[in-house]
Amino acid sequence: MELRMKSSNKGKLFTDHPRTRSRLILFSLMVLTGFSLISGKIAFLASKENKRNISYTEREEIHSRLNISDRNGNILATNLEGASAYIRPDEIQKKSLIAQRLKGIFPDLNEDVLLNKLNDGRKFFWLKSIVSPRQEKALFDLGQPGIYIGKREYRFYPYGTLASHVIGYTKVNEFDVNYAEISGISGVESAFENKLAIKNLSKVKNNSIHLSLDLSVQAEVENVLKEWQKRMGAKAGGVVIMNIHDGEIVALASSPDFNANKERGELGENKDPSIYFNRVVQGVYEMGSTFKIFSVAQGLEKDLFTLDSLIDTRAFRINSRKIEDKYKFNSESSIYEIIVRSSNVGSARLALMVGEKGLKEIFSKLGLLEPVRMELREANTTRPILPKNWHDITLATVSYGYGMSVSLLHLAKAYAILGNGGFDIEPTILKKNHNSQPGSRVLKKTTSDEMLKLLEAVVTDQRGTARILRSKYYRIGGKTGTAEKISLEKRGYQKDKVVANFVGLFPLQEPKFVIAAFLDEPENNLLQEPCRYASCTVVPMVKKLIERTGPLMNVTPDHQALTVYRGL
Amino acid sequence: MTDIIHGSSRAVPVDNPFFRWWQSLDQWTLVATLGLIVMGLLLSMAASVPLADSNGMPAFYYVNRQAIYGMISFCVIIFLSTTSLSVLRRFGIIGFFLVVIALALLPFFGTDFGKGAVRWFSLNWLTIQPSEYLKPFFVVFISWIVAGNIHSNSRVGLFLSFFSMAICVFLLTMQPDLGQTVVLIGCWVLIHFIVGVSWLFSVVFFTFVATVAFIFIQFSNHVATRLKTFFSNVIEPTSQMGLVEQAIHSGGFLGVGAGNGKIKWSLPDAHTDFIIAVAIEEFGLIVFIIILTLYVIILLRTLSRLLIERNPFLLLVGLGLLTIIQTQALINLGVAARLLPTKGMTLPFISYGGSSMVAMGILMGLLLNATRRRTSENIDSFMGGT
C-alpha cells in the first residue's frame with residue numbers, strides 16, 4: 001500500500017506556495033517571540049535586586065538569633081520557638097462555622113473580615129503571625145483541614161521593659177510558613193545584627209552576647225529613676241553609670257521606656273513614638289552649669305590659674321548682653337568658690353581667659369564636638385549641636401552650658417576623662433576583658449587630681465550645690481547643672497521649664513564610676529516653695545541611686561568618708 | 001562544517017552509506033540534540049537527587065537511569081534517521097494505532113501513581129507513558145492523511161485528520177492530560193495552517209477551541225485552581241510557583257553552585273516539570289541560555305531545511321515534529337517564568353523520564369530523517385513509481 005500522489009506538481013517546490021513559506025516563517029517568529037518573552041522574564045527574576053543581599057538558599061537557614069545577656073550571664077533577650085497560623089481556604093468547606101470557631105479562639109479577630117478572606121477566592125492567608133501555645137492547641141483540636149500551624153522563632157525579652165533602650169527591639173523582616181527572619185531595629189539588637197543573626201545555633205559555642213550592663217544595677221536605676229521622675233513631675237529622665245577606666249556602661253536607663261515583647265516590630269497603635277527615643281544617648285540638651293568645669297580644666301592644663309586664683313565675679317556686659325548671677329558673690333571669688341557655688345559670671349570670665357582655641361581644645365579632648373564613638377548606632381549618629389560662631393558672648397554662655405547641646409552620654413564620657421587621671425576612653429556596651437588597655441592620655445594627671453578635688457568640694461562644701469549628696473559611706477564628687485529650656489513659641493528661654501542634671505564621680509578615694517543623671521522639666525513641690533534646680537531635683541535622686549547601686553557594684557564604704565562628713 | 005553541509009563542491013565524492021547519511025543529515029540539529037541529552041544528564045545529577053532520596057535509592061540512582069534512557073534515545077535517533085521513507089511512514093502509522101490502543105486501555109490497566117491522573121502502565125521495573133509516544137506517531141499519521149489529500153479539492157483530509165485528533169484528544173482528556181492535549185491540538189492546527197487553510201477557517205477554529213477550553217476549564221476544578229493561582233498577584237511562598245520564583249531569584253547569573261540548591265528538596269516535580277528552576281538555581285542563567293540556544297538551533301536549522309522541502313509529506317512531518325518539541329519547550333519554560341499557568345509538561349531531552357526521553361528520541365529521529373537532503377530519485381521511489 002503505497003501512498004499515491006498526484007504528480008502534476010512534481011519538481012516544483014511545495015514551499016513555493018507563498019502562503020506556506022510565509023506561514024512557516026510566521027510560525028518560527030512566534031516561537032522565537034515566545035522564547036524571548038520567557039528569557040526576558042527569567043532574566044528579570046534572576047536579576048531582581050535581592051533585599052538585604054541574602055539569597056533564598058542562605059536565608060532559609062538564618063532562623064535563629066543569639067541571646068543577649070548582662071555581664072553576669074542573665075538573659076535579657078532570647079529566641080523562643082513559637083508558631084504561626086495560616087489558612088488555605090480551598091480546603092475548608094463550612095467557612096462560616098470555621099470563622100465562628102476561630103473567633104472563639106482569637107477574640108481579637110473580626111469575624112466578618114475573616115469570613116470575607118475565606119470566601120474571596122484567595123488561596124492562602126496568614127491568620128496570626130504568633131499564636132500562644134494554648135491557641136495552638138485549640139487550633140489543633142479543631143481538627144480542621146486548611147488551617148495550618150507553622151513553626152517559627154520569635155524574640156522574647158524576659159525582663160520586659162528592663163534596659164529596653166539598650167537592648168532595642170526587633171521586627172520580623174521576611175517570613176514563611178516555617179521560619180521568620182528577625183532583624184534588629186534599635187539598640188544592641190540593631191548594632192550587633194551581624195553577630196546576632198546566625199545560621200545554626202547549635203554550631204555556635206557561645207550563644208550569647210555579653211553586655212557590660214549589670215542587671216541588678218540596671219533594675220535599681222530604673223526603679224529609682226521612674227520613682228523620681230514621678231515625684232518630680234518630670235516629663236522624662238535618664239541615667240547612665242559607666243566605669244571611668246574601661247568605659248563599660250553598667251547601667252543606662254531612659255524613661256519613659258517600652259516593652260519590646262509587645263512591639264513585635266511595629267509601632268503599637270496609639271503609642272507615643274517618643275518612648276523609643278533613647279534620651280541618654282540620642283537626646284541632646286543644653287546642660288547648664290555642668291559645663292563650667294571644662295574651662296577650669298583647660299586653665300589648669302595650660303597653667304593659666306590655680307583653684308585658688310581670684311576671679312572678678314561682678315556682673316558685666318558683653319555686646320550689651322548682661323552676664324549675672326542669681327546669688328550674690330563677692331567682687332572677687334576663687335575658682336573653688338565659682339564652681340562650688342556655681343557662678344555664671346566667674347565661669348564666663350574663665351572662658352574668656354581660656355579663649356576660643358582653649359575651649360575648643362578641651363571640648364575636643366573630652367569628645368564633646370563629635371558623636372560618642374561606641375557600638376550603638378544611636379550614639380554614633382548623635383551629633384552635638386555646636387554654636388555657629390565662637391564670639392566672646394558665645395564663649396561666655398557655652399562655658400556655663402548654654403548655646404551648645406550634648407547628650408548625657410557625652411557628659412558622662414567627659415567627666416570620666418576628667419576623673420580617671422586624664423585618659424581617653426571609649427564607652428562600650430560590651431563586657432570587656434579585665435586586661436583591657438587604657439586609652440591615650442589627653443589630660444595631665446595633676447589636672448585630673450585637681451578636678452576631683454573641685455568636684456568633691458561641690459558635695460562636701462556646705463555652700464555646695466550638691467551638698468545633699470554628702471554621705472557617711474561614700475566619697476562622692478560631682479557638678480550640678482540646670483538649664484532653662486528654649487521656648488518653642490517665642491524667642492528666649494522659659495523660666496519654669498528646665499533640664500536639670502548632675503554628673504558625679506565615686507568613690508573618690510579610688511574613682512571608679514561616673515554617674516550622670518537628668519530630669520526633663522522637674523519641679524520639686526515638696527519644699528516650702530517649688531524648686532526646679534538640679535540641687536533639689538536630680539541630686540536627691542542621685543543620692544538614692546548611689547546608695548542603692550553602690551553595694552551592688554562592690555563599692556566599699558570608706559572610713560574617710562565619715563571623717564569628711566563629720567568634719568563639716 | 002559549512003563545506004560539509006553544502007557538500008556538492010567536494011572534490012572526492014565518497015560513496016559509502018555512512019558518509020551519505022552523514023552528508024544528507026542536518027548535523028547542527030543532531031549536535032544540538034546530543035547537547036540537550038548531555039545537559040539533561042548533567043542536570044539530572046542536581047535534580048533527581050531528592051527523588052532518589054525520597055524513594056530510598058542511592059543518590060545517583062536516577063542519574064544512571066537517565067544515562068541509560070539517553071543512550072537508548074540516541075540509538076533510536078540514529079536508527080530512525082537512517083531508515084528509508086517508506087519504513088518511516090509505516091513505522092509512524094502502525095505506531096500510531098498501537099499507541100491509540102494503549103491509550104484506550106489505560107483506564108483499565110493503567111495506574112496513576114497517586115497523582116490523580118491515570119497516565120502510566122506499570123510493568124514492575126518499567127513504566128510506560130503512552131501519551132509521550134503518541135506525539136511523534138500522531139504527527140506522521142496526520143501528515144500522511146493531509147499530504148495524501150493535499151491536491152484534491154475535497155475536504156476529506158481535513159475531516160479524517162480532525163476525527164483522528166478528536167479521538168486522541170478524547171483519550172488524553174480521560175486521563176486527564178491537559179498539557180499533551182494542548183500540544184496535540186496546536187500541532188494539528190499548525191499542520192493545517194501551513195498547508196494553507198484560509199485565515200477565516202483558522203480564526204473560526206481557534207474560537208471554537210477557545211470556547212471548548214473555556215467550558216472545560218469552568219467545569220474542571222483541577223484546572224480552575226491552577227488558573228486562579230496564575231492570575232492571583234500574591235504567590236504563596238511555599239507553592240510551586242513561589243518556590244520556582246525564589247529558585248530563579250537566588251540563582252542569579254552564575255547560580256549558587258552545583259549541589260547547593262535548596263528548592264529541589266521542596267519542589268514536587270523538580271526533576272521533570274520544574275527542572276529549569278533547579279538548573280537556574282544551581283548553575284545560574286548561563287545554563288538557561290545554553291539550553292534555550294540549543295532549542296533555537298533546532299528550530300532555525302529545521303526551518304531552513306523545511307523552507308526548501310519539495311515533498312509535502314516530509315514538510316508536514318518535519319513541521320509537526322518541530323512544533324511538538326518547540327511547543328513543549330515553550331510551555332515548560334513559560335510555566336517556570338510564570339508566563340503560563342502550571343501544566344504538567346516535560347522539557348524535551350532535559351526532564352527526567354524514560355518515556356519522555358525515548359519518545360523524544362523517536363521524534364527527533366523522525367525529524368532528522370524528514371529533513372534529510374534527498375536526491376530526486378529518493379523522492380521518486382517514495383512516490384511509488386508514478
Side-chain angles (χ1 to χ4, degrees), chain A residues 1-21 23-28 30-32 34-50 54-61 86 88 90 121-125 148 150 174-178, chain B residues 86 89 144 147-148 151 190 193-196 225 228-229 232 234 236-239 245-253 256 260-263 280-281 284-285 288-289 292 295-296 299-300 303 306-313 315 319 323 326 330 333-334 336-339 376 383-386:
Chain A
M1 50 164 283
E2 289 285 15
L3 173 73
R4 305 239 159 230
M5 293 204 55
K6 291 182 182 166
S7 56
S8 55
N9 289 325
K10 185 183 166 191
K12 191 178 169 191
L13 282 183
F14 180 71
T15 45
D16 282 352
H17 197 304
R19 213 193 242 168
T20 302
R21 243 188 127 72
R23 285 186 183 184
L24 259 181
I25 291 170
L26 181 68
F27 159 72
S28 307
M30 275 163 61
V31 174
L32 285 178
F35 280 146
S36 317
L37 281 174
I38 291 165
S39 318
K41 177 75 186 287
I42 285 188
F44 168 74
L45 284 180
S47 64
K48 208 161 60 171
E49 196 183 329
N50 218 333
I54 300 171
S55 68
Y56 172 82
T57 33
E58 292 171 49
R59 195 178 62 198
E60 197 184 35
E61 290 173 345
Y86 59 100
R88 292 187 170 140
D90 285 2
R122 66 180 80 196
K123 277 204 69 187
F124 170 91
F125 68 89
Y148 293 86
E174 293 184 30
F175 55 91
D176 198 342
V177 292
N178 51 11
Chain B
S86 52
R89 194 183 66 248
W144 176 59
H151 298 298
L190 207 79
F193 181 65
I194 296 294
V195 163
T225 333
K228 255 187 208 160
T229 322
S232 75
V234 186
E236 184 189 342
T238 52
S239 71
E245 202 157 300
Q246 283 164 334
I248 296 173
H249 190 182
S250 71
F253 193 70
V256 295
N260 293 337
K262 291 283 182 291
I263 305 289
I280 294 178
E281 188 188 17
L285 266 184
F288 170 76
I289 294 168
L292 199 65
Y295 286 122
V296 171
L299 172 73
L300 295 181
L303 179 76
L306 291 179
L307 282 175
I308 52 167
E309 182 59 62
R310 295 154 189 267
N311 184 319
F313 173 66
L315 172 74
L319 175 75
T323 311
Q326 299 295 338
L330 266 179
L333 298 177
R338 220 167 95 83
L339 289 169
S376 54
M383 297 231 167
T386 318

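Per chain, numbering begins at 1; letters A, B, ... match sequence-line order.
- Proximity to chain A is absent for every atom of I289(B), based on heavy atoms less than 4.5 angstrom apart.
- The two residues G334(B) and I38(A) come nearest to each other via the heavy atoms N-CD1, 3.5 Å.
- Using a 4.5 Å cut-off between heavy atoms, L26(A) touches chain B through its side chain atoms alone.
- For a residue to count as touching a neighbouring chain, one of its non-hydrogen atoms must lie under 4.5 Å from one of that chain's; by this rule L299(B) touches chain A with the side chain only.
- Annotation: the span from L306(B) atom CG to L24(A) atom CG amounts to 6.0 Å, rounded to 0.5 Å.
- The two residues R21(A) and L307(B) come nearest to each other via the heavy atoms NH1-O, 3.3 Å.
- Interface remark: F193(B) contributes backbone and side-chain atoms alike to the contact with chain A (heavy atom separation under 4.5 Å).
- For F27(A), there are no ring pair (Phe, Tyr, Trp, His ring centres under 6.0 Å) partners at least two apart in sequence or on another chain.
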*asked:* Between F35(A) and L333(B), is the side-chain contact (heavy atoms from CB on, under 4.5 Å) condition met? List the steps.
replied: CA-CA 8 Å; F35(A) 280 146; L333(B) 298 177; 4.2 Å; yes
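- Taken from CG in L190(B) to CE in M30(A), the straight-line distance is 7.5 Å, to the nearest 0.5 Å.
- For chain A, the nearby part of L285(B) is the side chain; its heavy atoms alone come within less than 4.5 Å.
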